[in-house]
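Below: the structure, in structure tokens.
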Amino acid sequence: MRNLETKYNPKDVEDRIYKSWVDGKYFHAEPNPDKKPFTIVIPPPNVTGQLHMGHAFDETLQDILIRYKRMQGFEALWVPGTDHAGIATQIKVEAELREKEGLTRYDLGREKFLERVWDWKEKYGNRIISQLKKIGCSCDWDRERFTMDEGCSKAVREVFVNLYNKGLIYRGPRIINWCPNCITALSNEEVEHAEQAGHFWHIKYQIKDTDEYVVIATTRPETLFGDTAVAVNPEDERYKNIVGKMLLLPLTDREIPVITDEYVDKEFGTGCVKITPAHDPNDFEVGKRHDLEIIKVMNDDATMNSYAGKYEGMDRYECRKAMIKDLEEMGLLVKTEEHSHNVGQCYRCGTTIEPIVSDQWFVQMKPLAEAAIEAVNSKETEFVPERFSKTYMNWMENVYDWCISRQLWWGHRIPAFYCDDCGEMTVSKEDITVCPKCGKPVRQEEDVLDTWFSSALWPFSTLGWPEETEDYKYFYPTSTLVTGYDIIFFWVSRMIFSACEHTGKAPFKHVFIHGLVRDGNGEKMSKSKGNGIDPLQIIDMFGADALRFTLVTGVAPGNDMRFPVTYDPPVEKGKNPNPEVNKIVGAPGVEASRNFANKIWNASRFVLMNLDDSASDVLPKNLMAEDKWILSKFNDLVKKITDNLDKFELGVAVQNLYDFIWDEFCDWYIELVKPRMGTENNPQNVLVYVLSNVLKLLHPFMPFITEEIYSYLPVTDKKALIITPWCEYKEELNFKQDVENIEMIKSAIKAIRNIRSEMNVPPSKKAKLIIVTQKADVFKNGEAFFKKLAWADSVEVTSSKDGIEENCISLVTDGAEIFMPQGDLIDKEKEIARLTQEKVKLEGEILRVEKKLSNEGFVAKAPKAVIDAEREKGEKYKEMLDKVLEGLKNLQ
RNA sequence: GGGAGCAUAGCUCAGCUGGGAGAGCGUCUGCCUUACAAGCAGGAUGUCAUAGGUUCGAUCCCUAUUGUUCCCACCA
């Protein structure tokens, strides 16, 4: 115990401590009428691969909150689990299949392919769980869930059928976003927009039975084959005469009419718009208004179909190139302009989205949004920081229907059954094999649901809903949801409206939103850029506590953070590393945290090696001033940490802890108390008290090292730190006067150190101190401190300056004037310069204060406390200035 | 087009309902002072983006401007 190494080694500790928590079943929660519940459901990581730094951040925040609440006496439940992540996982498994076996999913068939995906899920799901454990997550592993497990699937069907029966789910042809690579429909949220350089082609459409043309401008000429009209603005004088005429659609033998529609902007392009209802959302609307034919010109993989005539079979871009060439040769291409525009891309594979008409399933959103808006307006759910509620509202108030069907195999298959015989469609919670209408066999819908459909139910599906289980009744609604601002639309919004609709309650009280973890250049981490940092590697290098501490240090809620690392060989700033070549060798932020962990470790070693058998955490009756000082400071700390945690200000809380432990406890209290070690006035119990309690406050942030150290301490209530009650503010440990006194001594010591350093006096050179003060008792008490911390060999405390020898350095500090006879060491010129500088500074301060105090407005309107403080300051400065002036006089 | 964030020390960032700005890293000086060199002591560095306004008083609140990042929408 007393032979602990001088370097804290996380590897000796973390796995062992984690196991002890699991063995103690401390993570497990059960409905408990004697306690209040505190519930968090984890944002389930995708089973696509492994955790990245963003997860580590997200989960650290949750673990901090859950550990804090657990210690505060809540029945704290953190539900873990993973997400099946429809498209993302299917893509991964398909890629693996292609690489390793040269097969496609169609080669295997649906059933066999799904077996492969389940194998994948097993492997990577488990890997993710083990990574969560490495980070220190105190999830209730008895309740681990998966979005496609039995319970969640049941909830999905319940919700689907409910919504369908209420008429809030419908099926029909609409323009949707189609990913030709994933071969599925996507919701609007799953499309990312990126600026792309493109062209604006001006093409002539001949007016039938004339030699005249109209010119239309398009960025997507290949959709021409689906044109069923050309539209102009009804107010456009230029085209009034051709409205109603027929046009010859180039490269085809079709004729299309010229129609008028308000949608057309006269000013933009040529004022003529080709209308392609099957391939453009706006055109689709125009088409509906004018009852136009809908002609789809592409196959599911974005190759051209038979409507494209001789271009059939070509890829859409190949076709574009070829037809432009042909149009040019035919003299129908008027001009080509450079044109950059936003193009939709699949959020999973990056392929350019094709807007396409397709039969899909939709959730009607408007009616569902109402309750979700109200939940946030009424503060049933609150966003932290508050500004994100605007993001949410903005989306919620402008929702459009949600396309929920996906042409994938991996996911919840839509519970709709078709009878090919009578045409009946049945939506049912239970699987059916025969048509309830005609008794003929039915076939189930091939499509699966959007992966977000099931994650939208996560806060209640994981707690037993639709059953009214004890868990559901006790733990739901949950307390806090922690997640990144990037999935407010995908997930948070959908959880809120789903919960409001199906459970009648908002799913959580607080939504604690955090930012993204970026690389050292401020860029998003990504595999393709090679700038991703594996949290497990960082843990391996520095320990989980150091990583966790780093992730919450210096970050304000909702803000992004940078995670700089150094590579070997080094990578130029602004450049991306090549993971094959550049290895991570350092991480400045984490090193600082690791050093902090080490500091605590060594402070604890110091305490432990100085304890005798009688040591405990019971505070003695005869507390010394410095004991009262640290106890008061600790008391303040308890309040600060608790307040800040309650406000989700984790970054501030962690800074408070750092300052208290390093500065106040280590640099001052332990140093102040060293002279008392081993004497009959041994401070050991105060040391144990403060250390053991500060470990409690630090535990949520650095669970491993705190638990380890705590186990060595002779505390009265000996149990695992993780379940030890949180500290409370104690009025009886507030010693205002002693705090003032010790602060006075501290500033005197600092002033002496400062001067000695300026005068280049080495610590080995001891000095005599004469302290002239009206507070003799205070400074007398500090005698030992001056000897130890200000390198004095003798300390004389007096109330008068009589008899002080002339050749002294004098310094003025709060409550005292200190003289240091320095013999020949004193450099008179230097000392005069120093005092003169001091004089100028004080005069400046006095001027400032006097100016302020002579300002009538200030005296009349400022709060009394502020004015008094200012007066006090002024007096103190004047007093100090007098002494400085006197010192100068003596020197000259 | 709509919305949001950011601009503070060389770098990365804090700054808690307005009362003369802080940390870490880096840097400079001196130290193995009986827990810690992953340490100790001391120092230097800021027109708190710009211009107005409110106020006795503004880094903080309001307005505008500039720069920057992001989200949403989008005229073919």
Side-chain angles (χ1 to χ4, degrees), chain A residues 4 6-8 188-189 193 200 216-220 223 231 263-265 267-276 280-283 286 339 341-342 385 387-388 390-391 393-395 398 485-486 488-489 515-516 520 522 542 546 550 553-556 558-564 573 588-589 591-610 640 643-644 647 649 651-652 655 658-659 666-667 670-671 674 677 750 753-758 760-764 788-791 845 848-849 852 855-863 865-867 869-870:
Chain A
L4 300 170
T6 60
K7 296 274 186 288
Y8 170 60
N188 293 20
E189 286 68 34
H193 295 273
F200 218 11
I216 58 94
T218 181
T219 55
R220 306 183 57 227
T223 62
Y263 152 72
V264 181
D265 180 351
E267 313 301 322
F268 192 83
T270 63
C272 292
V273 186
K274 63 194 272 304
I275 301 298
T276 323
D280 182 280
N282 292 309
D283 292 6
V286 175
H339 182 72
H341 56 147
N342 268 339
R387 66 173 186 271
F388 289 106
K390 283 187 192 165
T391 311
M393 284 299 181
N394 202 20
W395 185 85
N398 298 291
Y485 60 67
D486 52 332
I488 291 177
F489 303 139
L516 271 34
F542 302 105
T550 307
T553 298
V555 190
N559 286 4
D560 290 351
M561 69 176 305
R562 291 189 192 208
F563 200 101
K573 195 179 160 96
E591 280 155 35
S593 305
R594 185 268 321 260
N595 294 354
F596 177 57
N598 199 47
K599 185 76 184 175
I600 299 161
W601 183 252
N602 279 298
S604 305
R605 280 179 58 232
F606 174 79
V607 171
L608 287 167
M609 66 180 56
N610 283 292
K640 277 194 271 187
D643 286 353
N644 281 315
K647 287 190 292 187
E649 288 281 358
V652 181
Q655 189 66 48
Y658 186 95
D659 292 343
C666 291
D667 287 349
I670 288 184
E671 295 304 329
K674 269 180 181 172
M677 302 306 295
K750 278 188 188 175
R753 283 171 173 175
N754 184 332
I755 288 202
R756 290 179 56 111
S757 179
E758 260 174 50
N760 281 326
V761 186
S764 51
K788 170 111 182 70
L789 302 180
W791 307 285
E845 289 295 306
R848 209 201 81 237
V849 172
K852 212 166 179 181
N855 180 339
E856 280 177 34
F858 176 74
V859 182
K861 295 191 178 176
V866 175
I867 298 172
E870 212 62 33

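A, B, ... follow the sequence lines: proteins, then strands. Residue 1 opens every chain. Just the heavy atoms: all of them, side chains too, but no hydrogens, waters or symmetry mates, feed the values below.
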Watson-Crick/G-U partner (both atom distances under 3.5 Å) of [N]:
N: U33(B); result: none
N: C16(B); result: none
N: U55(B); result: none
N: G67(B); result: C6(B)
N: A38(B); result: none
N: G1(B); result: C72(B)

Using a cutoff of under 3.5 Å, can you pull out all pairs of nitrogen or oxygen atoms linking the protein to nucleotides 7-12 of chain B, with atom names and distances?
unit_1, atom_1, unit_2, atom_2, d
U12(B), O3', R562(A), NE, 3.3

On a whole-Å scale, what distance lies between the [atom1] atoms belonging to [N] and [M]?
N: C71(B); M: G26(B); atom1: P; value: 34 Å
N: A4(B); M: U50(B); atom1: P; value: 23 Å
N: C40(B); M: C32(B); atom1: P; value: 16 Å
N: C70(B); M: C31(B); atom1: C1'; value: 49 Å
N: A14(B); M: C72(B); atom1: P; value: 23 Å
N: G5(B); M: A49(B); atom1: C1'; value: 15 Å
N: U63(B); M: A58(B); atom1: C1'; value: 15 Å
N: U66(B); M: A51(B); atom1: C1'; value: 11 Å

Donor/acceptor link under 3.5 angstrom from [X] side chain onto base of [N]:
X: R753(A); N: A41(B); value: no
X: E671(A); N: A41(B); value: no
X: K674(A); N: A35(B); value: yes
X: N394(A); N: C72(B); value: no

Side chain of [X]: nearest nucleotide among [options]?
X: Q655(A); options: C36(B), A23(B), G39(B); answer: A23(B)
X: K274(A); options: A76(B), G19(B), G24(B); answer: A76(B)
X: R387(A); options: U55(B), G19(B), A4(B); answer: A4(B)
X: F200(A); options: G42(B), G19(B), A76(B); answer: A76(B)
X: R594(A); options: A38(B), C36(B), G20(B); answer: A38(B)
X: K647(A); options: G5(B), C16(B), C36(B); answer: C16(B)
X: H193(A); options: A4(B), A35(B), C74(B); answer: C74(B)
X: F489(A); options: G15(B), A73(B), C72(B); answer: C72(B)

Contact nearer the 5' end of RNA chain B, comparing G554(A) with K861(A): G554(A)
Tell me which of Y263(A) and E649(A) sits closer to the 5' end of RNA chain B, going by the nucleotide each one is nearest to. E649(A)
Taking the side chain from [X] and the backbone from [Y], do they hold a donor-acceptor pair closer than 3.5 Å?
X: R753(A); Y: L789(A); result: yes
X: N598(A); Y: R594(A); result: no
X: N602(A); Y: T6(A); result: yes

Measuring from [X]:[atom1] to [Y]:[atom2], what's the distance to the nearest 0.5 Å?
X: M609(A); Y: S604(A); atom1: CE; atom2: OG; answer: 10.5 Å
X: F489(A); Y: N188(A); atom1: CZ; atom2: CG; answer: 12.0 Å
X: F542(A); Y: N595(A); atom1: CZ; atom2: CG; answer: 9.5 Å

OP1 or OP2 of [N] less than 4.0 angstrom from a side-chain nitrogen or oxygen of [X], does that happen here?
X: K599(A); N: C40(B); result: yes
X: N754(A); N: G43(B); result: yes
X: N602(A); N: A38(B); result: no
X: N559(A); N: A14(B); result: yes

With a 4.0 Å cut-off on heavy atoms, is [X] in touch with a base, just the backbone sugar-phosphate, or nothing at all?
X: N598(A); answer: base
X: V273(A); answer: base
X: D667(A); answer: sugar-phosphate
X: G857(A); answer: base
X: Y485(A); answer: nothing
X: A860(A); answer: nothing
X: T391(A); answer: nothing
X: A592(A); answer: sugar-phosphate

Value in whole Å for how far the P atom of G39(B) lies from NZ of K7(A): 9 Å
Under 3.5 Å, is there a donor on one side chain and an acceptor on the other for Q655(A) and D659(A)?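 Side-chain D/A pair, Q655(A) to D659(A): present.
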Can you confirm if the NZ or CZ of K674(A) lies within 45° of the ring axis of F606(A) and under 6.0 Å from the centre of its six-membered ring?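 The answer is yes, since K674(A) meets both limits relative to F606(A).
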salt_bridge(E649(A), K640(A)) N-O dist < 4.0 Å: no
